[in-house]
Each structure stands twice: as C-alpha cells, then as structure tokens.
Amino acid sequence: MSPAIMVGSNEKGESDAPGSQYQKGVKQLVENGLHTIPKKYILPLSDRPVANPEDSNVAKENLQLPIIDFSELLGPRRPQVLQSMANACERYGFFQVVNHGISDDVISSMRDLSGRFFDLPFEERAKYMTTDMRAPVRYGTSFSQTKDSVFCWRDFLKLLCYPLPDFLPHWPASPLDFRKVVATYTEETKNLFLMLMEAIQESLGIIIEEEESEGKDNILKELEDGSQMMVFNFYPPCPEPELTLGMPPHSDYGFLTLLLQDHVEGLQIQFQGQWFTVQPINNAFVVNVGDHLEIYSNGKYKSVLHRVVVNAMKKRTSVASLHSLPFNCTIRPSPKLIDEANPKRYADTNFDTFLTYVSTREPKRKEFLDSRKLTSTLLQEAH
Ligand code: OGA
Ligand code: NI
C-alpha cells in the first residue's frame with residue numbers, strides 16, 4: 001500500500017481505505033445499485049451546486065459563449081475573429097470553436113472509444129490505477145482520490161501524449177483500437193492547439209521578428225514540442241445530484257484546454273460571481289485559457305474557474321486535451337507584454353513547481369495561480 005494513501009472511516013463507518021468501494025470509483029458504485037449517495041460524496045452545504053435555491057449563485061439562463069468559426073481565421077475576416085478571441089479570453093476565459101477541421105469521423109471514433117473503455121470490466125481499467133502523478137497512464141476517481149475529503153462523482157483516465165513514441169507503448173491496449181484512435185486524435189488536437197496559439201499570440205499583439213523565429217523567444221516553436229495530456233472523464237448518473245459535483249471548481253494548468261463534451265449539459269463556468277452552464281454544441285471544442293496562458297499574457301487573458309455538475313438521468317462523458325510547454329520549461333510572462341506601465345505580474349514557474357504544489361495541497365480553486373501572483377514583496381524579490 002502506498003504510504004501516501006490516508007486510511008480512515010467516517011462516522012457512518014464507511015471505510016475509504018484503498019480497495020474500498022470508493023477507491024474503485026463511481027461507475028463501480030452505481031453498478032452495484034444505489035438510491036442515495038454515500039456520505040463520502042456529500043459536499044458541505046456551501047459547496048453544493050445549488051447552495052440555496054432562494055438566493056442562487058447559479059444563473060437562470062445559459063451563457064452564450066463566443067463561438068469562433070475556425071475556418072474564418074484563415075480568410076479575410078481574420079482580424080475580426082482575432083478580436084472576438086481576445087474578447088473571449090479577457091472576459092470569459094472560454095470560447096467554443098466550430099469548423100475546426102477535425103473530421104466528424106475522428107471525433108465520433110474518439111467518443112465511441114471513450115465509451116468502450118469505461119465499459120471494460122473494472123479489473124481491466126484498474127490495471128492503470130496509481131497514485132503516481134507522473135505516471136504515463138493513470139486511472140482514478142474523484143479529483144485527487146488520495147486527498148479529497150469529499151469525493152467527486154467522476155472516474156477518469158489520464159494519458160501523457162507527447163512525444164507520442166515515448167508514451168504510446170504505455171497506453172491501454174484494450175479496446176484493441178485504443179492506441180490507434182487516440183494517437184490520431186492526439187495529433188489532430190495538437191495541430192489545432194498550435195494554430196489556435198498562433199492566433200492567440202497575434203491577438204495579444206505579440207509579433208515575432210524573423211531573427212527570433214527559431215529562438216527561445218518564440219513560444220510557438222517551444223509549444224510544438226510541448227506537453228500534452230488527454231483526460232477521459234466519465235460521470236455516471238447520480239441519484240442525488242444536488243449534493244455533489246462531478247468536478248469541484250478548478251482552473252486548468254496549461255496554455256489551452258480543448259474539451260470535447262457530449263450532448264449532456266454539465267460544465268459550468270464562473271462569470272461575475274455566478275455559475276453558467278456551457279451549452280453543448282455538437283462536435284465543437286470548448287476551449288479555455290489555462291494558468292500558463294494567464295501567466296504568459298501577464299494577466300490579460302483569464303484562467304477561469306469551472307466545475308462539473310452531474311444529473312440523475314444521464315451519464316456524461318468528456319475528453320479534455322491539455323497543452324503546455326515541455327515539462328522542464330519555465331513559464332513566464334512574455335517579455336513583449338512587459339514595460340514600465342505593465343510590470344511583470346507573475347513569478348516564473350514550471351511543471352515541477354506545479355506538481356510539488358498539488359501534491360502538498362488540495363488542488364482546488366485557483367490556489368496555484370494565486371501562489372504565482374507577484375504581490376509587492378514578491379515583486380521586489382523577483383527583481
Ligand atoms: C477538466 C474539465 C470539464 C468536463 O477535465 O479539466 O474541466 O466537462 N472537464 O468534463
Ligand atoms: Ni478543467
């Protein structure tokens with residue numbers, strides 16, 4: 001047993017020891033049949049999706065996120081599209097992308113595969129359970145199953161993806177087409193990510209001179225060899241969805257996340273103190289600014305809190321592709337966005353700092369990003 005796992009039981013005598021029903025995940029739990037949720041999943045009142053129906057922090061209407069027509073980025077309307085992207089990243093930290101050029105075929109194969117993976121017998125999925133945050137493949141449940149005091153209603157599979165030849169041999173070989181389907185999807189989302197980043201850099205007004213284009217000031221060059229992580233999320237139907245969450249409020253660590261959600265609503269983003277549901281659009285990507293892009297943009301673009309609510313009727317699946325620089329690179333505000341009027345607002349950081357941070361704390365809310373913000377004392381230290 002890993003010493004990192006805390007063994008305990010709550011006052012109902014429900015054990016959360018490794019191997020207990022909770023460590024096996026929510027899919028397993030639901031398959032055993034239940035009409036109420038175990039105490040392990042019940043959030044304190046203030047953290048529930050609808051804290052108080054009278055005075056709700058959940059918006060009544062859905063938020064119409066900006067929709068970026070990717071095909072227009074390549075045509076005469078590019079300047080207007082860049083402007084919409086800039087507005088979206090500043091205001092919501094989120095937008096949806098349609099006409100992105102990734103075929104319906106590639107997308108439906110990936111959805112279908114994700115469904116078939118979670119349909120595998122538990123023993124098959126459990127082969128990839130590990131508490132090692134650096135493992136190339138990690139199957140698990142909740143958000144951080146070794147640290148969450150209350151568990152989330154979610155099972156997941158995480159894969160490291162880049163460089164593909166290093167990681168692909170570690171990926172599940174079952175279902176039989178797993179590696180082939182995910183490899184194609186990985187390459188296509190990586191390309192889309194790079195094209196989106198090129199547009200985002202342009203929208204930030206960062207111009208790369210020709211002599212810099214091969215150098216280390218060119219973030220696009222570095223991102224080509226950047227890290228990529230694929231997260232398959234599975235949220236089974238939940239008998240008491242108002243008491244728990246599929247994912248707690250969090251921000252994503254990388255530059256951009258490209259999320260493929262299915263037709264079942266569940267993703268909510270925080271905007272002006274309220275939670276808004278992101279309307280599913282068939283085969284579109286929900287794209288959001290991660291902590292690293294907030295840092296790179298020196299705070300201009302926002303890494304926004306989001307969470308997942310579950311529902312009693314339908315299971316929900318999603319696939320998130322998270323992209324950043326190579327794990328050993330330093331992430332810092334772009335020197336081109338810093339001058340006397342705009343001082344550097346974030347400390348330099350890297351993936352190791354992040355992993356150390358999340359392994360010592362509950363990776364909740366925006367604590368990590370907050371820890372990178374330069375207060376006046378830190379600003380002095382940084383000089
Ligand atoms: C994530 C995430 C949202 C969803 O994987 O980081 O926020 O809808 N997923 O599953
Ligand atoms: Ni997220």
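Each ligand, and each atom within it, is numbered from 1 in the order the structure gives. These values consider heavy atoms only, across backbone and side chains, with no hydrogens, waters or symmetry-generated copies. Everything numeric here is computed off the predicted structure, so don't read it as measured data.
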_In this structure, would Tyr139 and Leu322 fall into the same cluster of hydrophobic residues linked by side-chain contacts under 4.5 Å?_
yes
_Polar proximity ligand 1 side, His250 side, N/O cut 3.5 Å exclusive_ = yes
*Considering the heavy atoms of Tyr235, write down every atom of ligand 1 situated less than 4.0 Å from one of them.*
4 (C), 10 (O)
*asked:* Just verifying a value: how many Å separate Leu267 CG and Arg316 CZ, rounded to the nearest 0.5 Å?
replied: 6.0 Å
_Can you tell me which N/O/S atom of His250 has the shortest distance to the Ni ion (ligand 2)?_
NE2
*For Asn233, counting its heavy atoms only, list the atoms of ligand 1 lying under 4.0 Å from any of them.*
5 (O), 9 (N), 10 (O)
*At a 4.0 Å threshold, what atoms of ligand 1 neighbour a non-hydrogen atom of His306?*
7 (O)
*Can you list the ligand 1 atoms lying under 4.0 Å from a non-hydrogen atom of Ala320?*
5 (O)
*Could you check atom 1 (C) of ligand 1 against the protein and tell me its nearest heavy-atom contact, residue, atom and distance included?*
Met247 CE, 3.4 Å
_More than 12 heavy atoms of other groups within 6.0 Å of Lys27 NZ_ = yes
_Just to confirm my output: which protein heavy-atom neighbour is closest to atom 3 (C) of ligand 1, and how far is it?_
Val308 CG2, 3.6 Å
*ligand 1 versus Leu259: contacting region, heavy-atom distance under 4.0 Å*: side chain
*asked:* Parallel, tilted or perpendicular, judged at 30° and 60°: which one describes the rings of Phe118 and Phe234?
replied: parallel
*Counting each atom of ligand 1 from 1 as listed, which ones have a heavy atom of Leu267 under 4.0 Å away?*
3 (C), 8 (O)
_Does only the side chain of Asp252 get under 4.0 Å from ligand 1, or the backbone, or both, or neither? Count heavy atoms._
side chain
*asked:* Whether Glu202 and Arg78 form a salt bridge (side-chain N of Lys/Arg under 4.0 Å from carboxylate O of Asp/Glu) is what I want to check.
replied: yes
*Given atoms NE2 of His306 and OD1 of Asp252, what angle do they subtend at the Ni ion (ligand 2), to the nearest 10 degrees?*
90°
*Please work out which of the three classes, parallel, tilted or perpendicular, describes the rings of Phe255 and Tyr296, given edges at 30° and 60°.*
tilted
*atom 8 (O) of ligand 1 [closest protein heavy-atom partner, distance rounded to 0.1 Å]*: Arg316 NH2, 2.9 Å
*Would you call Lys190 and Glu187 a salt bridge, using N to O less than 4.0 angstrom?*
no
_Under a 4.0 Å threshold between the charged nitrogen and the carboxylate oxygen, would Glu90 count as salt-bridged to Lys302?_
no
_Heavy atom of Phe156, distance to ligand 1 below 4.0 Å_ = no
_Using 30° and 60° as the class boundaries, would you call the ring planes of His292 and Tyr253 parallel, tilted or perpendicular?_
perpendicular
